[in-house]
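Contents: one structure, followed by commentary.
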Amino acid sequence: MSNDVATRSKTSKPEEDPWTADGILAPRSSGTRSDGVTWRLYEGDSRKVLQDLPSQSVDCVVTSPPYFWQRDYGVDGQFGKEPTIDGFVENLRETFDGLRNVLSKEGTAWLNLGDTYYSAKGRPHGHDAKHRKRRMDELRAVDGPGLGLPRKSMIGIPWRVALALQGDGWTLRSAIIWARETSIPEPTAHDRPHRKYEHLFLFTKGPKYFFNRDAMINEHGENEEDIWVIEPDRKSKSRGKHYAPYPRKLVERCVKAGCPEGGVTLDPFVGGGTTMSVSLQHGRSSVGIELNPDFCDLVAENMTMEDATLPMEE
C-alpha cells in the first residue's frame with residue numbers, strides 16, 4: 001500500500017461532538033440511529049451553510065451538482081442557470097472553498113458532472129415528455145447568442161470545473177468515467193454519437209488521504225479502476241420528485257473507497273438524498289445541504305424511515 005494513502009477507522013466518537021458545539025448551525029432535520037450513526041440535513045445555499053459548519057468535521061464529500069442548463073428545479077438561487085459558463089464554474093469554486101474548511105486533512109471529495117451542448121437555437125428548449133423539470137419556457141444561456149463557442153459545441157463543463165479547482169489548490173487524483181450500457185436519452189441528437197458516460201472526479205486536499213482500494217472491485221470480482229460501468233437506478237425513491245438521482249451503486253463505491261468506517265460524509269447538493277441514504281446504509285454518518293425546501297421534505301421523510309428500518313451493510 002502506498003505511503004501516500006492514509007488508513008484509519010473511526011471506531012469511537014470524540015468526547016465532544018463538534019456538530020453540537022456553540023455557534024454551529026442547527027440542522028433543519030436530523031436523526032440518530034441506535035448504533036450512533038447520525039444524519040443532519042440543512043436547508044439553504046451550500047456556499048453560505050458551509051461557513052457555519054465545524055472545521056475538518058467531514059471525511060468524504062460525494063456530490064452531483066445541478067448540471068449547466070439541464071433542469072429547472074423551481075427555486076430561486078439554484079445552481080445550473082447561470083448566464084455564463086464562467087458563472088457556473090465560479091459558483092462551484094465558491095462551494096469547494098467552503099468544502100475545504102469542513103473536509104478533514106485526509107478527506108476525499110468525489111464530484112460527478114455531466115456536460116452540456118451549446119445549441120444556439122435562439123429559442124427556448126421546449127418540452128420534454130419524460131422530464132417535467134427539463135421543460136423550460138425561458139431562453140437558456142445555451143440556446144441564446146454570445147456564449148463564446150461555435151454553435152453545436154460540447155462545452156466541456158466537467159473539465160472546466162476540474163481544472164479551475166486544481167488551480168485553486170485541490171489535488172485532482174483521478175478522472176473516473178461513469179459508463180452505462182444504455183445511452184443517455186437524446187432524441188434530437190441525429191448527427192453525433194449519443195453519450196454513454198459522465199465524469200466523476202476524485203479530489204483531495206493533499207498527497208495523503210484515506211483510500212480503500214478494495215472498493216474498486218465490482219460485484220463480479222473484477223477491478224474496474226477508473227472506468228465504472230453502472231446503470232442508472234430505475235426505481236429510485238426520489239424519482240417523480242427529483243429527476244436526476246445518481247445510482248446508489250455509484251455513491252456506494254465512493255463512500256466505501258473514500259470514507260473510513262464510522263466516518264462522516266457530506267453532500268452540498270443533496271437533491272433526492274442518495275448520498276445520505278447510502279451513507280446510513282453503510283454505517284457512515286451523513287450531512288446534507290439542499291436549497292429546495294420540497295427536496296428537504298422528501299429527504300427528511302425518507303431518512304426518518306430509514307433510521308429504524310435500514311440494515312447496515314459492510
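All figures in this text were calculated on a predicted structure; none of them were measured in a lab.
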Query raised in the report: With distance as the sole test, does Asp59 use its side chain to make a donor-acceptor pair with the main-chain N or O of Gly263 at under 3.5 Å?
Result: no
Report task. Check Thr63, Val278, Leu41 against Asp267 for a side chain to side chain contact (heavy atoms under 4.5 Å, CB included) and give me the one that passes. Result -> Thr63
Query raised in the report: Less than 4.0 Å between a side-chain N and a carboxylate O, is that true for Arg213 and Glu225?
Result: yes
Query raised in the report: Side chains of Leu200 and Leu250: closer than 4.5 Å at any heavy-atom pair?
Result: yes
Query raised in the report: Do any N or O atoms from the side chain of Arg284 and from the backbone of His282 form a donor-acceptor pair under 3.5 angstrom?
Result: yes
Query - Side chain to side chain, Val61 and Pro268, heavy atoms closer than 4.5 Å - result: yes
Query raised in the report: Hey, are the side chains of Leu291 and Glu43 touching, using non-hydrogen atoms and a 4.5 Å cut-off?
Result: no
**Report entry** Residue list, salt bridge (Lys or Arg N to Asp or Glu O under 4.0 Å) with Asp214, at least two apart or on another chain
**Finding:** none
Report task. Could you check Ser286 against Thr265 for side-chain hydrogen bond (donor to acceptor under 3.5 Å, both in side chains), going step by step and ending with a plain yes or no? Result -> CA-CA 5 Å; Ser286 188; Thr265 70; 3.0 Å; yes
Report summary line: Taking every heavy atom of Pro232 against every heavy atom of Pro247, the minimum-distance pair comes out as CA-CG, 4.0 Å
Requested in this report: Answer yes or no: is there a side-chain heavy-atom contact under 4.5 Å between Thr275 and Tyr246?
Outcome: yes
Requested in this report: Applying side chain to side chain contact (heavy atoms under 4.5 Å, CB included), run through Ile155 and Ile85 and close with a yes or a no.
Outcome: CA-CA 8 Å; Ile155 298 175; Ile85 298 169; 3.5 Å; yes
Report summary line: Tracing side-chain contacts under 4.5 Å among Ile, Leu, Val, Met, Phe, Trp and Tyr outward from Tyr197 reaches Ile177, Ile227
Query raised in the report: For Pro27, which residues count as a side-chain contact (heavy atoms from CB on, under 4.5 Å) partner, sequence neighbours excluded?
Result: Ser30, Arg40, Tyr42
Report task. State whether Glu106 and Lys205 are salt-bridged, where the test is any N-O pair (Lys NZ or Arg NE/NH1/NH2 against Asp/Glu carboxylate O) under 4.0 Å. Result -> no
Query raised in the report: Between the main-chain N or O of Asn91 and the side-chain N or O of Thr95, is there a donor-acceptor pair closer than 3.5 Å?
Result: yes
Query raised in the report: Taking only residues two or more places apart in sequence or in another chain, which ones pass side-chain contact (heavy atoms from CB on, under 4.5 Å) with Ser174?
Result: Ile176, Leu202, Asp226
Report task. Indicate yes or no for a side-chain donor-acceptor contact from Ser277 to the backbone of Gly273 under 3.5 Å, with no hydrogens or angles considered. Result -> no
**Report entry** For Trp19, all residues meeting ring-ring contact (aromatic ring centres under 6.0 Å, His included), sequence neighbours excluded
**Finding:** none
Report task. Determine whether Cys259 and Phe210 make a side-chain contact, defined as any pair of heavy atoms from C-beta on separated by less than 4.5 Å. Result -> no
Requested in this report: Would you indicate whether the side-chain heavy atoms of Val37 and Thr32 approach each other to under 4.5 Å?
Outcome: no
Requested in this report: Applying side-chain contact (heavy atoms from CB on, under 4.5 Å), name anything that partners Glu198, two or more places apart in sequence or on another chain.
Outcome: Tyr67, Asn112, Trp178, Arg180, Ile184
**Report entry** Heavy-atom pair of closest approach, residues Ser285 and Gly36
**Finding:** OG-O, 4.3 Å
Requested in this report: Using the side chain to side chain contact (heavy atoms under 4.5 Å, CB included) rule, take Leu50 and Ile289 through it: C-alpha gap first, then chi angles, then the decisive distance, then the call.
Outcome: CA-CA 9 Å; Leu50 287 168; Ile289 305 172; 3.8 Å; yes
Report summary line: Residues passing the side-chain contact (heavy atoms from CB on, under 4.5 Å) test with Ile24, sequence neighbours excluded, are Ala21, Pro54
Report summary line: When every non-hydrogen atom of Trp170 is compared with those of Ala109, the smallest separation belongs to CZ3-CB, 4.4 Å
Query - Flag, side chain of Asn223 to backbone of Met216, donor-acceptor distance under 3.5 Å - result: no
Query - Contacts of Thr108 that satisfy side-chain hydrogen bond (donor to acceptor under 3.5 Å, both in side chains) - sequence neighbours left out - result: Trp110
Query raised in the report: Arg248 versus Gln281: any side-chain heavy-atom pair under 4.5 Å?
Result: yes
Report task. Sequence neighbours left out, what pairs pass salt bridge (charged side-chain N to carboxylate O under 4.0 Å, His left out) with at least one residue falling in residues 154-165? Result -> none
Requested in this report: Answer yes or no: is there a donor N or O on one side and an acceptor on the other, between the side chain of Glu231 and the main chain of Glu181, under 3.5 Å?
Outcome: yes
**Report entry** Trp159-Leu111 co-clustered via ILVMFWY side chain contacts under 4.5 Å
**Finding:** yes
Query raised in the report: So Asp115 and Arg195, salt bridge (Lys or Arg N to Asp or Glu O under 4.0 Å) or not? Walk me through it.
Result: CA-CA 10 Å; Asp115 215 334; Arg195 290 172 290 176; 5.9 Å; no
Query - 4.5 Å side-chain heavy-atom contact, Arg33 and Trp39 - result: no
Report task. Indicate the atoms forming the closest heavy-atom contact of Ala164 with Val89, along with that distance. Result -> CB-CG1, 3.6 Å
**Report entry** side chain to side chain contact (heavy atoms under 4.5 Å, CB included) evaluation trace for Leu99 with Leu266
**Finding:** CA-CA 9 Å; Leu99 292 174; Leu266 184 146; 3.6 Å; yes
Requested in this report: Would you please name every residue forming a side-chain hydrogen bond (donor to acceptor under 3.5 Å, both in side chains) with Arg93, sequence neighbours left out?
Outcome: Glu90, Asp168
Requested in this report: Walk me through it: do Tyr209 and Phe203 pass the test side chain to side chain contact (heavy atoms under 4.5 Å, CB included)?
Outcome: CA-CA 10 Å; Tyr209 53 93; Phe203 291 99; over 6 Å; no
Query raised in the report: When you look at CZ of Arg173, are more than 12 heavy atoms from neighbouring residues, nucleotides or ligands closer to it than 6.0 Å?
Result: no
Report task. With sequence neighbours left out, write down each residue that passes side-chain hydrogen bond (donor to acceptor under 3.5 Å, both in side chains) with Asp97, or none if nothing qualifies. Result -> none
**Report entry** Partners meeting side-chain hydrogen bond (donor to acceptor under 3.5 Å, both in side chains) with Asn218 (sequence neighbours left out)
**Finding:** Glu222, Glu224
Report summary line: Between Leu172 and Ala162 the two heavy atoms that sit nearest each other are CD2-CB, 4.4 Å
